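Taking it in order: structure first as structure tokens, then the write-up.
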Amino acid sequence: MDGERRSALTGLLCAGFAGFAGLTGLTGLTGFAPSSAAAAAPGHTARAGAGPRPPASLLGDEIRRLPTSRKVLALTFNAAWDADGIDTVLAELRRRKLPATFFPTGAFAEAHPAAVRSIADAGHGLGNHSYSHPYFDDLSTAERADEVRGADAAIRAASGTEPLPFFRFPYSSTTPESITDVNDLGYAAIEFSADTNGYLGPQGGMSVDKAVGRAVDAFAPGAIIQMHVGSNGSGVVLDAEALPLIVDAALAEGYEVIDLRQFLEAAAGVR
């Protein structure tokens with residue numbers, strides 16, 4: 001973290017940051033103007049359900065930063081282990097009136113249906129993080145489809161809502177072939193600009209300050225910040241504690257927290 005940002009962060013840690021101007025639309029985002037007349041990209045098969053679709057600009061590669069010159073960023077949370085941080089995270093997002101996108105695995109949705117339902121009930125988007133969190137490099141096309149579809153079904157059952165056509169690869173391990181397979185199922189591959197590594201917990205050498213620092217260092221127009229709602233068994237959810245400080249730092253630097261759903265196209269005319 002550079003000196004200027006560390007100085008600003010130190011002030012935030014001590015005094016906090018007051019005020020939030022509210023969410024605004026994404027008019028002016030380069031390459032991401034939503035269209036109400038979307039059609040399926042040639043060669044791509046619609047996923048289950050009849051919800052919105054990713055535009056062609058989100059297909060063909062992994063998305064690690066949203067292509068815009070505006071000072072906007074997205075907050076995302078993976079959910080693959082315990083749900084210890086869910087209540088704290090949702091309460092903070094509700095207090096700030098901020099959106100986030102959550103990526104549960106299918107196994108998590110089956111083990112913690114109330115947590116997944118609470119995310120949906122709070123109005124946040126639910127992406128897909130596979131069913132059992134395997135390395136997709138090691139799977140066949142058919143096995144990848146089983147993982148994605150199995151997670152979709154489990155998330156639907158737990159949440160009672162239409163999951164988003166956003167897929168995040170386990171371990172962020174992607175290949176051109178696996179991205180093509182996911183795209184062919186109707187999903188955009190939404191990865192991240194930086195992971196706070198808060199999931200490692202104190203036993204993994206992490207702290208709230210370090211998690212916040214990793215996020216702040218990644219701030220840039222279109223940044224996608226990855227956090228986790230669980231602790232990977234440590235019982236300490238650093239990302240839940242780091243969230244308000246990350247938001248404070250983003251707002252202090254003039255960033256707007258945006259909703260990834262605004263990058264989707266309506267499914268009108270798609271069968």
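Each residue takes its place number in the sequence, starting with 1. For clarity, every value in this text was computed on a predicted model and none was experimentally measured. Basis for what follows: all heavy atoms, side chains included, without hydrogens, waters or symmetry-related copies.
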ring-ring contact (aromatic ring centres under 6.0 Å, His included) against Phe108, all qualifying residues, sequence neighbours excluded: His112

What is the minimum heavy-atom distance between Gly127 and Thr101, and which atoms define it? N-CG2, 4.4 Å

Using the rule given for side chain to side chain contact (heavy atoms under 4.5 Å, CB included), can you reason through Leu243 versus Leu75, listing the C-alpha separation, both sets of side-chain angles and the distance that settles it, and then say yes or no? CA-CA 9 Å; Leu243 175 60; Leu75 301 174; 4.1 Å; yes

Counting distance only, does the side-chain N/O of Lys210 pair as donor-acceptor with the main-chain N or O of Gly205 below 3.5 Å? yes

Is any side-chain heavy atom of Glu241 closer than 4.5 Å to a side-chain heavy atom of Val236? yes

Run the salt bridge (charged side-chain N to carboxylate O under 4.0 Å, His left out) test against Arg261 and tell me which residues pass, sequence neighbours left out. Asp259

Does any N or O in the side chain of Asn128 come within less than 3.5 Å of the main-chain N or O of Ala151, such that one atom is a donor and the other an acceptor? no

Stepwise side chain to side chain contact (heavy atoms under 4.5 Å, CB included) test for Arg64 and Ser172: CA-CA 10 Å; Arg64 292 192 175 273; Ser172 195; 2.5 Å; yes

Contact between Asp184 and Thr180 at the side-chain level, heavy atoms closer than 4.5 Å - yes or no? yes

Counterpart residues, side-chain hydrogen bond (donor to acceptor under 3.5 Å, both in side chains), relative to Arg95 (two or more places apart): Glu92

Determine the minimum heavy-atom distance between Ala83 and Ala115, stating which atoms define it. CB-CB, 4.0 Å

Tell me if a side-chain donor or acceptor on Arg70 pairs with a main-chain N or O of Pro221 at a distance below 3.5 Å. no

Min side-chain heavy-atom separation Ser132-Thr105 under 4.5 Å: no

For Ala218 against Ala223, the heavy-atom pair lying closest together: O-CB, 3.6 Å

For Val247 versus Arg96, what's the shortest heavy-atom pair and its separation? CG1-NH1, 3.3 Å

Find the distance between CD1 (Ile224) and CG (Leu73) and round it off to the nearest 0.5 Å. 10.0 Å

Parallel under 30°, tilted from 30 to 60°, perpendicular over 60°: which one fits the rings of Trp81 and His228? parallel

Please check: side-chain N/O of Gln226 versus main-chain N/O of Glu191, any donor-acceptor pairing under 3.5 Å? no

Looking only at side chains, do Tyr199 and Asn78 share a donor and an acceptor under 3.5 Å apart? no

Could you check if a side-chain atom of Leu139 sits within less than 4.5 angstrom of a side-chain atom of Asp146, using non-hydrogen atoms only? no

So, are Arg94 and Asp87 salt-bridged, with charged N and O less than 4.0 Å apart? no

Rounded to the nearest 0.5 Å, the CD1 atom of Ile258 sits from the OG1 atom of Thr68 at a distance of 9.0 Å

Heavy-atom donor-acceptor pair, Arg53 side chain to Pro165 backbone, under 3.5 Å: no

Please find the pair of heavy atoms, one from Ala109 and one from Ala154, that lie closest to each other, and give the distance. CB-O, 3.7 Å

Would you compute the distance between atom CZ of Phe169 and atom CD of Glu147 and round it to the nearest 0.5 angstrom? 11.5 Å

To the nearest 0.5 Å, tell me how far Glu143 CD sits from Ser140 OG. 3.5 Å

For a side chain to side chain contact (heavy atoms under 4.5 Å, CB included) check, start with the C-alpha distance between Phe166 and Ile63, then their side-chain angles and the critical distance, and finish with the verdict. CA-CA 10 Å; Phe166 293 150; Ile63 305 301; over 6 Å; no

Could you pull out all residues at least two apart from His129 that satisfy ring-ring contact (aromatic ring centres under 6.0 Å, His included)? His133

Side-chain contact, heavy-atom cut-off 4.5 Å: Phe136 with Phe167? yes

ILVMFWY clustering at 4.5 Å (side-chain atoms), partners of Tyr135: Tyr171

Partners meeting side-chain contact (heavy atoms from CB on, under 4.5 Å) with His124 (sequence neighbours left out): Leu90, Leu93, Ala100, Phe102, Ile119, Ala122

Minimum heavy-atom distance Ser231-Val237, with the two atoms named: CB-CG2, 4.1 Å

Cluster check Val116, Val89: I/L/V/M/F/W/Y, side chain < 4.5 angstrom: yes

Taken to the nearest 0.5 Å, the spacing of Asn183 CG from Asp61 CG works out to 9.0 Å

Between CG of Asp239 and CD1 of Ile246, what distance do you get to the nearest 0.5 Å? 6.5 Å

Leu260 side chain near Pro99 side chain, heavy-atom distance below 4.5 Å: no

Between Asp137 and Thr175, do the side chains contain an N or O donor and an N or O acceptor separated by less than 3.5 Å? no

Can you list the steps and then say if Phe77 with Ile86 is a side chain to side chain contact (heavy atoms under 4.5 Å, CB included)? CA-CA 10 Å; Phe77 292 85; Ile86 284 281; over 6 Å; no

Is a side-chain donor or acceptor of Ser178 paired with a backbone partner of Thr174 at a separation under 3.5 angstrom? no

Charged N-O contact under 4.0 Å between Glu253 and Lys71: no

Joint cluster assignment, Leu66 & Leu164, ILVMFWY side-chain distance < 4.5 Å: yes

Is there a path of hydrophobic side-chain contacts, each under 4.5 Å between heavy atoms of I, L, V, M, F, W or Y residues, that connects Val182 with Tyr131? no

